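Bear in mind that the values here come from a model prediction, so they are computed numbers and not experimental data.
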Amino acid sequence: MITETKVVPANDTAEPMLQHRHLLGLSTYSREEIELILETARQFREVLYRPIRQVPTLRGVTIVNLFFEPSTRTRISFELAEKRLSASPINFSSSGSSVSKGETLKDTAQNVEAMQIDMVVIRHPSPGAPHFLTQCVDAVVINAGDGAHEHPTQGLLDLLTISDRFESFQGLNISIIGDIKHSRVARSNIHGLTKLGANVTLCGPKTLLPVELDKFLPDSTIRITSSLNEALEGSDVAMALRIQMERQGKNLVPSLREYHEQFGIKVQHLEQHKDLVIMHPGPVNRGVELASDVVDHERAVILNQVTNGVAVRMAVLFLLSGAAKGEG
Amino acid sequence: MAPNDYHTPDLLIKGGSIYYPGADQSERGDILIKDGQIVEIGEGLSSNGTHELDATGKLISIGWMDMHVHLREPGHEHKETIESGCRAAAFGGFTAVACMPNTDPPIHTRDVVEFVRERGDDTPVDVHPIACVSQKREGEQLAEMADLKAGGAVAFSDDGSPVQDASLMRHALEYAKMLDAPIINHMEELSLNPHGQMHEGAVSTRLGLAGIPSLSEEVMIARDILLADFTGGHVHVAHISSTGAVELVRDAKRKGIPVTAEVCPHHFSLTHEEVETRSFDTHLKMHPPLRTTEDVEAIKEGLKDGTIDAICTDHAPHASFEKEVEFTAAPFGIIGLETAWGLIGRELIEPGILSIAEAIAKITTAPRRVLKLAMPEIFVGAEANLTVFDADTQWTFERSHIHSKSRNTPFIGSPMIGRAFAIYNRSQLVENDV
C-alpha cells in the first residue's frame, strides 16, 4: 500500500523537544510546540485514571510554586501535577506584591534558588514578572499567570479540552466572552487558538474590550463584537470569562444584574445553538457569566477543563524538565 | 566635585567654529578667556602659556541648558546628588539645569530653594530650582511663590503630581503672571489613568499592562490652554508626548495664548513597541510613556515648526535595586543628561529634521527664554559660558559614559551621533575625554 512509503515523522527518530527553556506565554510558542504539549498531556492523562496515580518521571526534581496572588485551583493543579510525576514541590505563597513586604521579587527568587531548585512556577499580579524572573535565576520558569498578560497552562488545558470534542482546530469558531481587558486567559487562548487554526471572536461590553484589540495579532484577524447573539451565532465553543467582583464600582459594568442580562449565557442560548459547547476557566460566578443551569448542563465541559489542567501541567513540567536536566 | 578640580580661569579654545546665538552658520574663531571672561575672539590667537583646549574641527556654542532634571537632593541622595547630577550635566554638554521640586522635603519653601542653589554653587553648572506650585506638592494651597522666586526659583511646578484642581491652576497662573514666571505642568488628568504602566495601545493590550492613554495628557493640556488664555499666565507643557498634545499646543500658539512646550529625547527616539521587544525592561517605563511611531513623527514635526520650544531630558535617576523589579513595581523615569545630544544628533540632525543651529537653539536660547533667564553671549567682555561639541561623531553609548549616580537608561549599547567634548562655565573647564 501507498502508506508504506509514508515519511517517518521526525518525532519517531528523535526525542521531541520544546524549543523554549521556559514557558512564559503562548505568544512565542510555535504550533508544533503546542501540539507536542497536547500530545504529551494526552499520554499523561492516562496516569490520572490508574489505580496508582503516580509515575517516577521527575523523581529528584525540586519545583517551587511561587504564588504572589491568591489562587486555589491553579496552585493545587500544579502541585498535583508535580506529585503525580514524583517531583518534590515546595509552596511559597504571599499575597500582594513582594515589594510590599520589603523584599524584592529578585531577592525572594534568589533566596529560593539558593536552596537548589530546578523549576519555578510563578503566579504574579505584574505582567512580565516571570520574564523578569528568568533574568534573576537559572531555574526553568513556568508562568502560572502574570497579571492580565498570559496564563499559558490555562490556554493549553483549554486547547486540550477543545481537542477532546473536535477533530481539528482548523475552521473551528471559538467565542471568548466577558472581561477581555483584564483576562490573561483570553490572551493565552487568542495566541493558542489562532496558532492552531481556529477562528476567534471576542465579545464583551465596550468597557471591557481593551483598545486596539484589532491589532492584537499582526497577521490574523480576530472578530470583535459587543453583541452576545452575534458572538454565539455559528460558534462551536463559547468560553465565558470570570467577572472579577473586585472590579465592581469602577464603572466598567453598571451592575452584575445588567451584565448577566446582556452577556450571561443562559439555557435559551443552548437551546438556540444545539451543538454549542460551554467552557469557563473557573471559578464560576453562577448567575453572572453563566446561568446556574448552564454550568451544570451536559454541554458544559468545565470539569473536564479542570482534569485536563493537571495533565497539561504534567506535560509542561516533564517537557521543560528535560531542558533543565540537559543544561544541568 | 570640588571647585578646584575644574578651576581654569584662563583658557584658549583653539581651532573651533563658533555658533553665535541666533546664527544659522558657524564661524571659525578661537576664544581667549581670562578670569572667566571672554577677552578676545579671532583666528590664530596664541595662548602665551595659558591652558589650551584643542577644538580643531569642533563647534562652540553658548552653554547648553536642560530645563527639566531631577537632582534628587535633598532626600533621595542614593539616586543622585546635586553634585553628581551636575557632573552628569557637564559631561553631557550642559552648563545649566533647572531642577524639579519633587525632593524630600520638596522645594516648597525658600530655605529649600536656597539650599539647592547653594549646593549647585560649587559646580560648573548653573542650578536653577523650580519650586512647587502648592505647599508640599499636595495640590491644595498655593506655595509662597513670591518668596520662592526671590530665593531664586525660576518657575513653578508640582512635577509628577499634576495640578488637578482647575481653580488652583487658575490662581497659580494669575499669581505667577504677577511674578513673570511660568507654571510648568506635568500634563495628566489622573482620573483617566488610574494605574497606567505604559502607553495605552496595541502593545499594552497585548501585554496586559494598564494603559496611560494619550487622552489623559491631552485633556489636561486642553484645560491648561484655556486657563492660560483666560488668565494671561504662562503655562509650559512638560515633556510633551502625543500627536494630539502637539496639535493642541500648535493651535494655542497660533491664537497667541502664552503656552510653551518641551520634549525629551526618548520621546522622539523610542516607541511603546520596545516594551514588548525588550520583554518588560523597566528602563522603558517613564512618564509620560513611550508612545507610537505616529506620535514620534508628530513630535519631530512640532520641533521643526517651533510648536515645541525646547528639548529637555527629564533626567530621572533611580537606583538599580529600584529598577530591578517587576514592571508594575518599578518607578517611572530614566536618566538622560549623558545621552541627550547623541540622540538629538541621531534622530533630528542626521535625518535633516533640524539644522545644527536649530538643534542648539532648543537647548540654549529656547529653555532660557521659557524660564526668562539671562542669555549667555559670545562677545568680548562676556562671561564665558560655552559648550564645545560636534554633530557628527558616531559613537556607542556605554555604561562607562554614565556620570550620574544612577544607571537607569535604555540606551546602553545604542548608537549616538554627535558628542559634547567640553563645557566652560564659572571659570571651570570640564573636558569629556572618555
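Between A:Glu212 and B:Ala202, the closest heavy-atom pair is OE1-N, 3.3 Å. Nearest heavy-atom pair across A:Val211 and B:Glu200 is CG1-OE2, 3.1 Å.
A distance-only check finds no donor-acceptor pair linking the side chain of A:Thr104 to the backbone of B:Val325 [under 3.5 Å].
A:Lys181 NZ to B:Ser204 OG: the interatomic distance, rounded to the nearest 0.5 Å, is 8.5 Å. Atom CG of residue A:Leu213 and atom CZ of residue B:Arg206 lie 11.0 Å apart, to the nearest 0.5 angstrom. Rounded to the nearest 0.5 angstrom, A:Arg187 CZ and B:Thr205 OG1 are separated by 6.5 Å.
Dense packing is recorded around CZ of B:Arg250, with more than 12 heavy atoms of other residues, nucleotides or ligands lying under 6.0 Å away.
Taking the six-membered ring for Trp and thresholds of 30 and 60 degrees, A:His131 and B:Phe280 have ring planes inclined between 30 and 60 degrees apart.
In summary, of the residues considered (A:Pro127, A:Ser126, A:Pro130), a side chain to side chain contact (heavy atoms under 4.5 Å, CB included) with B:Glu326 occurs for A:Ser126 alone.
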